[in-house]
Each structure stands twice: as structure tokens, then as C-alpha cells.
Amino acid sequence: MPLLSLLVIALMIVALIDIITREDSQVKYLPKMVWIIIVILLPLIGSALWFALGREYAGGGISIPRMPRRSAEPTAQAPPAAQTWSPPAEARTTEQQIADLEREIEEWELRQQIEARRRERGEPDTA
């Protein structure tokens, strides 16, 4: 019985090392982290499933066409739409927008002061 336990642990360790060292594009059906959790929680079944289903073997067999996986790293060549896009010429910087907002606030405060003075003098509202 201890020999069987050691074999299961050894199989689990080999499977975990294989999962961790594989590229994301070589892992099938589930993300690497899910495969790691399966192998840790179910050592014998998870390892067997990994070697039977989750691992992509190089070379032999019939190649099955699959959708390409998205990589986390940016690609060397950007799509054509991203290369030709440029911001509109009338776009303002954040500093310019903040300055405009500050001018609007200042104008509003001045209008409030003017209204308050008119009320003090008893002049009718023009608005």
C-alpha cells in the first residue's frame, strides 16, 4: 500500500511539473490553474486526465484544427486598424479640459456675486 501511495504522489508531482512548465498554447480544454487545482485535489484521476486530455503532444497523430489562443503578451504586429487610428485633431489634453472647467467655475462664481449685488441694490433680476 505505501508503494501505491508513493506512485500516486510521484505521478502527481510529474503532472504538476509538466503543467507548470508547459506554454499556455500547449494546454487544452482548461486553463493551467484549473488543471493544477484538479491534479492537487484528485491526484490519481487528475493526473490521468491531464496526461490523457489536457496535454498537447508534439508531432504525431492527426492534427485537429483549432482556434488560435490569445496570448497574454502583446503581438509583434498590431492589427491594421490600430496602426492607422489617430486621435482627432480637435482633441484637448486633460490640462486644457481642467483649465476650461476652472474658467467655467470662476464665471459661475462671478455671476453669483453679480446677482447678489443686484439683490442688495434692489435691482430686478434680468434672467
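- Separating the CD1 atom in Ile19 from the CE atom in Met33 is a distance of 10.5 Å, to the nearest 0.5 Å.
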Working for side chain to side chain contact (heavy atoms under 4.5 Å, CB included), residues Val27 and Trp50
CA-CA 9 Å; Val27 178; Trp50 166 250; 4.0 Å; yes
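- Nearest approach of Leu30 to Val34, heavy atoms of both residues: CD1-CG1, 3.8 Å.
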Hey, mind stepping through Arg118 and Glu115 against salt bridge (charged side-chain N to carboxylate O under 4.0 Å, His left out) and telling me if it holds?
CA-CA 5 Å; Arg118 283 187 180 156; Glu115 282 296 319; 3.8 Å; yes
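- Side-chain contact between Glu109 and Ile105 is present, with heavy atoms from C-beta onward closer than 4.5 Å.
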One pair to check against side chain to side chain contact (heavy atoms under 4.5 Å, CB included): Phe51 and Asp18. What are the steps and the verdict?
CA-CA 9 Å; Phe51 287 113; Asp18 190 42; 3.7 Å; yes
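- Residues Lys32 and Asp24 approach most closely at CD-OD1, 2.7 Å, considering heavy atoms.
- Counting heavy atoms from C-beta on, the side chains of Ile38 and Ile45 never come closer than 4.5 Å.
- Between Met12 and Ser47, the shortest heavy-atom contact is CA-OG, 3.4 Å.
- Residues Leu41 and Ile9 do not share a hydrophobic cluster, defined by chaining ILVMFWY side chains whose heavy atoms lie under 4.5 Å apart.
- In this structure, CD1 in Ile114 is found 12.0 Å from CZ in Arg119, a value given to the nearest 0.5 Å.
- Under the side chain to side chain contact (heavy atoms under 4.5 Å, CB included) test applied with Leu44, the options Leu4, Leu49, Val39, Val8 reduce to a single match, Val8.
- Of the inter-residue distances, the one linking Ile40 atom CD1 with Trp35 atom CH2 reads 13.5 Å to the nearest 0.5 angstrom.
- Taken together through direct or relayed side-chain contacts under 4.5 Å among Ile, Leu, Val, Met, Phe, Trp and Tyr, Ile20 and Leu11 form part of one hydrophobic cluster.
- For Gln112, the CD atom is densely surrounded, since the number of other residues' heavy atoms within 6.0 Å is greater than 12.
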